[in-house]
2 protein chains.
Amino acid sequence: MVNTQQGTEEKILEAAKKVFHRKGYEGARMQEIADEAEINKALLHYYFRSKENLFEAVFKDAFFKLMGRAKTVFLSDKPLKEKIQEFLSHYLDVLSENSYIPWFILNGMYERPDVLKVIFEKAEINPLQLMERLRNQIQDEYGSEVNPFHIWLNVLSLSIFPVVAKPLIRELFQITEEGYQQILEQRKTEVPRFITNALKGYEENS
Amino acid sequence: MVNTQQGTEEKILEAAKKVFHRKGYEGARMQEIADEAEINKALLHYYFRSKENLFEAVFKDAFFKLMGRAKTVFLSDKPLKEKIQEFLSHYLDVLSENSYIPWFILNGMYERPDVLKVIFEKAEINPLQLMERLRNQIQDEYGSEVNPFHIWLNVLSLSIFPVVAKPLIRELFQITEEGYQQILEQRKTEVPRFITNALKGYEENS
DNA sequence: GTCTATATCGGGATAGAC
DNA sequence: GTCTATCCCGATATAGAC
């Protein structure tokens, strides 16, 4: 009532974000989103024609917020270790305040693989180019013939999983929110060290 | 009709497993499970009273099938690299056919963190004991003072994330189901190598 | 135990007043 | 643009014949 004019659509998106985050696509209820936004269901359909549309909007926003930077970082000309450090630092900063994003994306992938496909087309990601660059860089800097795909997957795993598994980690070790944030902070240096150590190790075997 | 007696309940569980795997709890349809089992909906409710019951049965079975082994592997007396190899091998085998398990666990964590707690209590996991053992083993075998928590988290990340992110990986690189299974197979040796290489790397810096 | 038919309800979507 | 009331389909669950 008070906060009109530029408010409603934003409020809906904000509410949808929260609900889709908590429940996923199938679990989310339009009613719950409406309640969260303090409006009624009909208005949701006025702004976004369907549940699917609304989901897509939220999903895209989250995805690009997360992945937008990653592409430019990995296509830059810096040493690999620096890239990984930069990626982790940026990524963990963004996520410590938006820890719902990676889970939301993973969940969305399972529930709506079709949406994922559309997004990748729009994002203009060329994974093969990335792999080639990574292969060359590893060979140049570490002199080893390693499958770049697995290295890439390792970097992603080590970055994303600890954020997604936050509730598991906190419950299992009885860690406070501050303790968890501290762990993420440590990982900004620990993970790049771990990876570069591993890459150095390949030299001797090759 | 032919394969009666010990058949129906098993067939239902098998079908439910497949469908819940593909769609998750909310996305799964009792009709689809019935079709998959080649029976009708009513029979599902005859054997299991509700959808929730059926899901719980499927989930518990798979969860303990998965985690039962993990504990014994990591508390055994073998060298660390062997433990990791064994863990990955077993884990990836089970999950390539039940990849919904980590997804469900994550989902449950976010929706009902309390449930997670109960599961851990039943599984009788002692994380601190595990950490101590890991710290000692790393020190014995690699002579380095490393924070075992991060190593543990790395092992988990490298094992679980590639399974959870299956749709992302397949879509991004346009990989077939066979191709994906091949990747998992490769990781059974790649990941232990990666980790032990990294651990060796710490020696020089310590 | 297994089937067909049906009850019941929840949720996405629309109509139409204001 | 925002609301109330309602449509309508689909999904879980049950009744009851065989």
| said: I need the full list of side chain to side chain donor-acceptor pair (under 3.5 Å) pairs touching residues 38-49 of chain A, with sequence neighbours left out, sorted by first then second residue. | reply: A/Thr8-A/Tyr47

| query | Which of residues 17-37 of chain A sit near DNA chain D, with a heavy atom under 4.0 Å from it? | reply | none

Please tabulate, for the side chains in residues 149-164 of chain A, all donor-acceptor contacts under 3.5 angstrom to protein atoms that are two or more places apart in sequence or on a different chain.
| unit_1 | atom_1 | unit_2 | atom_2 | d |
| --- | --- | --- | --- | --- |
| A/His150 | ND1 | B/Arg187 | NH1 | 3.1 |
| A/His150 | NE2 | B/Gln186 | OE1 | 2.6 |
| A/Asn154 | OD1 | B/Arg187 | NH1 | 3.2 |
| A/Asn154 | OD1 | B/Arg187 | NH2 | 2.6 |
| A/Asn154 | ND2 | A/His150 | O | 3.3 |
| A/Ser157 | OG | A/Leu153 | O | 2.7 |
| A/Ser159 | OG | A/Val155 | O | 2.7 |

| Which pairs pass side chain to side chain donor-acceptor pair (under 3.5 Å) with one or both residues in residues 118-127 of chain A, sequence neighbours excluded? | none

| task | Give me the residues of residues 41-51 of chain A where at least one heavy atom lies under 4.0 Å from an atom of DNA chain C, by number, or none. | result | A/Lys41, A/Ala42, A/His45, A/Ser50, A/Lys51

| task | Provide the full list of ring-ring contact (aromatic ring centres under 6.0 Å, His included) pairs with a residue in residues 120-140 of chain A, sequence neighbours left out, each pair given once. | result | A/Phe63-A/Phe120

| query | Does the ring of A/Tyr25 carry A/Arg112 above it, NZ/CZ under 6.0 angstrom from centre and within 45° of its axis? | reply | yes

| field | Set of residues satisfying salt bridge (charged side-chain N to carboxylate O under 4.0 Å, His left out) with respect to B/Lys60, sequence neighbours excluded | value | B/Glu56

| request: Could you tell me whether the phosphate oxygens of D/dG1, OP1 or OP2, come under 4.0 Å of any side-chain nitrogen or oxygen in A/Thr8? | output: no

| message | Quick check on C/dC3: is either OP1 or OP2 less than 4.0 Å from any side-chain nitrogen or oxygen of B/Asn40? | response | yes

| said: Show every salt bridge (Lys or Arg N to Asp or Glu O under 4.0 Å) that has at least one partner inside residues 82-96 of chain A, sequence neighbours left out. | reply: A/Lys78-A/Glu86, A/Asp93-A/Lys188

| task | List in chain and number order the residues that pass salt bridge (charged side-chain N to carboxylate O under 4.0 Å, His left out) with B/Glu52, two or more places apart in sequence or in another chain; answer none if no residue qualifies. | result | none

| said: Can you list, in residue-number order, the parts of residues 52-59 of chain A that come under 4.0 Å of DNA chain D, counting heavy atoms only? | reply: none

| task | Starting at atom CD of A/Glu38, determine the distance to atom P of D/dC3, rounded to an integer number of angstrom. | result | 11 Å

| query | Pairs in or reaching into residues 148-164 of chain A: which pass salt bridge (Lys or Arg N to Asp or Glu O under 4.0 Å), with residues at least two apart or in two chains? | reply | none

| field | Which residues share a salt bridge (charged side-chain N to carboxylate O under 4.0 Å, His left out) with B/Glu190, sequence neighbours left out | value | B/Arg193

